[in-house]
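Atom set for the values below is all heavy atoms of this structure, side chains included, hydrogens, waters and symmetry mates excluded. Each residue takes its place number in the sequence, starting with 1.
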Amino acid sequence: MSRAVKKKTATRKTGAARAGVRLTTPDLVILSLLAERPMHGYEVNATLENRKIRDWAAVSRPQIHYSLDKLTSLGLIRVTAEDSASAGPERRVLQTTEQGRRRLADALEARHWTGTRVHQPFLTWLALSWQARPRAFQKQLKQRRAFLQRQLAEERETLKDVLKEVGHPYHEAVWMLKLVIAQMELELKWLNQIERETAKRAPAQKTRH
């Protein structure tokens with residue numbers, strides 16, 4: 001009897017430890033993809049590329065393999081089929097389990113999703129740009145504008161493709177693309193203003209001592 005009790009206690013501890021393992025953004029993205037339908041490991045990577053998911057979530061190919069192994073060991077995804085007895089992560093067909101769906105839903109209730117600010121490199125550059133040479137300042141503004149214009153054209157084309165694929169505008173992918181497009185359009189207007197005001201640039205009138 002004592003041995004049985006110890007075994008159950010150890011099992012409960014193991015389950016609690018697994019439940020306390022933090023899930024990273026790559027883990028959550030993969031859980032979501034495999035909740036849609038079973039996929040091979042290589043299909044996960046192909047889907048990330050086809051949907052341009054890496055534009056909004058940093059998930060590298062090595063991270064995919066790490067997450068697949070991690071999620072499998074936690075019981076959050078399971079193998080539904082294999083192409084061969086010795087199939088590796090690329091050839092296994094994987095699917096999110098019910099436990100995995102619950103962990104994903106729990107993670108999506110965390111407050112950090114709505115209360116975190118992202119530090120944009122261009123804003124950091126702008127804060128330091130008073131030390132830049134005048135020509136370099138103008139050059140960087142032009143490069144930023146050109147980059148945004150290229151990206152904006154790509155995102156508009158992507159939006160058209162997504163609308164065709166999903167068949168309606170009330171989809172999270174459509175909402176995300178519309179936000180990205182609106183942000184780029186706003187930043188381009190903001191760059192216009194900065195270029196108009198560059199000649200009036202001056203140091204702060206009041207400085208701290």
Side-chain heavy atoms nearer than 4.5 Å, only ILVMFWY residues, links allowed to pass through others: does that put [X] and [Y] together?
{"X": "Leu163", "Y": "Leu177", "result": "yes"}
{"X": "Trp56", "Y": "Leu159", "result": "no"}
{"X": "Phe147", "Y": "Leu191", "result": "yes"}
{"X": "Val59", "Y": "Leu108", "result": "yes"}
{"X": "Ile194", "Y": "Leu186", "result": "no"}

Given Arg37 and Glu43, is the salt bridge (Lys or Arg N to Asp or Glu O under 4.0 Å) satisfied, shown in steps?
-> CA-CA 11 Å; Arg37 64 179 178 85; Glu43 286 183 279; 3.3 Å; yes

Flag the pair [X] / [Y] as yes when at least one side-chain heavy-atom distance between them is below 4.5 Å, and no otherwise.
{"X": "Leu188", "Y": "Arg145", "answer": "yes"}
{"X": "Arg103", "Y": "Leu28", "answer": "no"}
{"X": "Arg92", "Y": "His40", "answer": "no"}
{"X": "Trp175", "Y": "Val180", "answer": "no"}
{"X": "Arg156", "Y": "Ile181", "answer": "yes"}
{"X": "Ile53", "Y": "Leu33", "answer": "yes"}

[X] side chain to [Y] main-chain N or O, any donor-acceptor pair under 3.5 Å?
{"X": "Thr116", "Y": "Trp113", "value": "no"}
{"X": "Thr97", "Y": "Leu76", "value": "yes"}
{"X": "Arg78", "Y": "Thr72", "value": "no"}

Spacing of [X] atom [atom1] and [Y] atom [atom2] [to the nearest 0.5 Å]:
{"X": "Arg101", "Y": "Ile77", "atom1": "CZ", "atom2": "CD1", "value": "12.5 Å"}
{"X": "Lys70", "Y": "Gln63", "atom1": "NZ", "atom2": "CD", "value": "10.5 Å"}
{"X": "Thr96", "Y": "Arg102", "atom1": "OG1", "atom2": "CZ", "value": "12.5 Å"}
{"X": "His65", "Y": "Asp69", "atom1": "NE2", "atom2": "CG", "value": "9.0 Å"}

Leu23/Leu71 under side-chain contact (heavy atoms from CB on, under 4.5 Å): CA gap, chis, key distance, verdict | CA-CA 9 Å; Leu23 298 182; Leu71 296 171; 4.1 Å; yes

Side-chain donor/acceptor pairs under 3.5 Å, residues 129-144, sequence neighbours excluded:
from: Ser129; atom 1: OG; to: Leu126; atom 2: O; distance (Å): 2.7
from: Ser129; atom 1: OG; to: Arg201; atom 2: NH2; distance (Å): 2.7
from: Gln140; atom 1: OE1; to: Gln143; atom 2: NE2; distance (Å): 2.7
from: Arg144; atom 1: NE; to: Glu187; atom 2: OE2; distance (Å): 2.7
from: Arg144; atom 1: NH2; to: Glu187; atom 2: OE1; distance (Å): 3.2
from: Arg144; atom 1: NH2; to: Glu187; atom 2: OE2; distance (Å): 3.1

Would you check if there is a donor-acceptor pair between the side chains of Glu195 and Thr198 at a distance under 3.5 Å?
->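 Glu195 and Thr198 do not have a side-chain donor-acceptor pair below 3.5 Å.
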
For Asp27 and Thr24, does a side-chain donor sit closer than 3.5 Å to a side-chain acceptor?
->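 Thr24 and Asp27 do have a side-chain donor-acceptor pair below 3.5 Å.
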
Can you tell whether the side chains of [X] and [Y] come within less than 4.0 Å, N to carboxylate O?
{"X": "Lys52", "Y": "Asp161", "answer": "no"}
{"X": "Glu165", "Y": "Arg51", "answer": "no"}
{"X": "Lys160", "Y": "Glu157", "answer": "yes"}

Return the minimal non-hydrogen interatomic distance between [X] and [Y], and the atom names on each side.
{"X": "Ala57", "Y": "Thr25", "result": "CB-CG2, 4.2 Å"}
{"X": "Leu74", "Y": "Gln99", "result": "O-NE2, 3.8 Å"}
{"X": "Gly100", "Y": "Leu31", "result": "O-CD1, 4.0 Å"}
{"X": "Ile30", "Y": "Ile64", "result": "CD1-CA, 3.8 Å"}
{"X": "Arg61", "Y": "Arg54", "result": "N-NH2, 4.0 Å"}
{"X": "Val174", "Y": "Pro169", "result": "CG1-O, 3.5 Å"}

Steps toward side-chain contact (heavy atoms from CB on, under 4.5 Å) verdict (Val44, Leu94) | CA-CA 10 Å; Val44 172; Leu94 301 154; over 6 Å; no

Would you please test Val93 and Met39 for side-chain contact (heavy atoms from CB on, under 4.5 Å) and show each step?
-> CA-CA 5 Å; Val93 180; Met39 295 185 192; over 6 Å; no

